[in-house]
Amino acid sequence: MTAPSGRARTLVRVFTQRFTSTRRGARLARQLALVELDAWGFPESTALSADAGLLVAELAANAVRHGRVPGRDFELKLTLLEELLRIEVSDARRDRRPAVQPHAYQAESGYGLRIVDAVAADWGVTERIVGKTVWAELARRRCPLRGACRGLVSSACPSCEVHRTRTC
């Protein structure tokens, strides 16, 4: 992986956890990600938390369904930077790279990466020595009042993720 160009990113928090490559593991990954985001000051009522939960669910489900190797787990990593939340899900199958599939009328599957593509600010795949990492990034919204909303009730500034979590 190459270093990001442009402005340096400031690391705020990191969370990493391994899960069994089962449907239960995928469900637990989403639930634990939401618990961790709540601990970081982003309750489930915020758009960032809701979008992150959706992305974790889709990426974890893909890791279980398409990236599963018997006896191997998948890994979830959340990285909170000043301007974005990066979600990474790593699995042991390097040979099955994800790609957005063309729309199929009345298909029962194949929409996961379309959802990721629509919700995430950016997403991609990074090769690992064993397997691959599928990542997605969510931009953090900044307070339009630039800190002046401190102390207001959350309904006064509903579009502001920072204010709604009282960390503005």
What are the two closest non-hydrogen atoms of [X] and [Y], and how far apart are they?
X    : Y    : value
A33  : V56  : CB-CG2, 4.0 Å
A26  : A61  : CB-N, 4.1 Å
T22  : V64  : O-CG2, 3.3 Å
F74  : G25  : CZ-O, 3.7 Å
V119 : L138 : O-CD2, 3.7 Å

(Q) Taking CZ in R128 as the centre, count heavy atoms belonging to other residues, nucleotides or ligands within less than 6.0 Å. Is the count above 12? (A) yes
(Q) Within a 6.0 Å radius of atom CZ on R18, are there more than 12 heavy atoms belonging to other residues, nucleotides or ligands? (A) yes
Q) Counting only N and O atoms by type, is there a donor-acceptor contact under 3.5 Å from the side chain of R140 to the main-chain atoms of L81? A) yes
Q. Does P43 offer a backbone N or O that forms a donor-acceptor pair with the side chain of T46 under 3.5 Å?
A. yes
Is the shortest heavy-atom distance from the side chain of [X] to the side chain of [Y] under 4.5 Å?
X    : Y    : result
E88  : L76  : no
E82  : V12  : yes
V116 : L55  : yes
W135 : V125 : no
L80  : W40  : yes
E75  : T16  : yes
T20  : L28  : no

Q: Check the pair L85, L37 against side chain to side chain contact (heavy atoms under 4.5 Å, CB included), reporting the backbone distance first and the verdict last.
A: CA-CA 10 Å; L85 172 67; L37 287 171; 4.0 Å; yes
Q.
Is there a continuous path of hydrophobic side-chain contacts, each under 4.5 Å between heavy atoms, that joins L48 to I115?
A. yes
Q | Single-linkage hydrophobic cluster L34~L32, side-chain heavy atoms < 4.5 angstrom | A | no
Q) Do NZ/NE/NH1/NH2 and the carboxylate oxygens of R86 and E137 come within less than 4.0 Å? A) yes
Q | Note: R72-D91 ion pair, threshold 4.0 Å (strictly below) | A | no
Q) Just how far is it from atom CD of E58 to atom CG of L113, taken to the nearest 0.5 Å? A) 8.0 Å
Q. Which one of T133, D73, T126 satisfies the side chain to side chain donor-acceptor pair (under 3.5 Å) criterion with S90?
A. T133
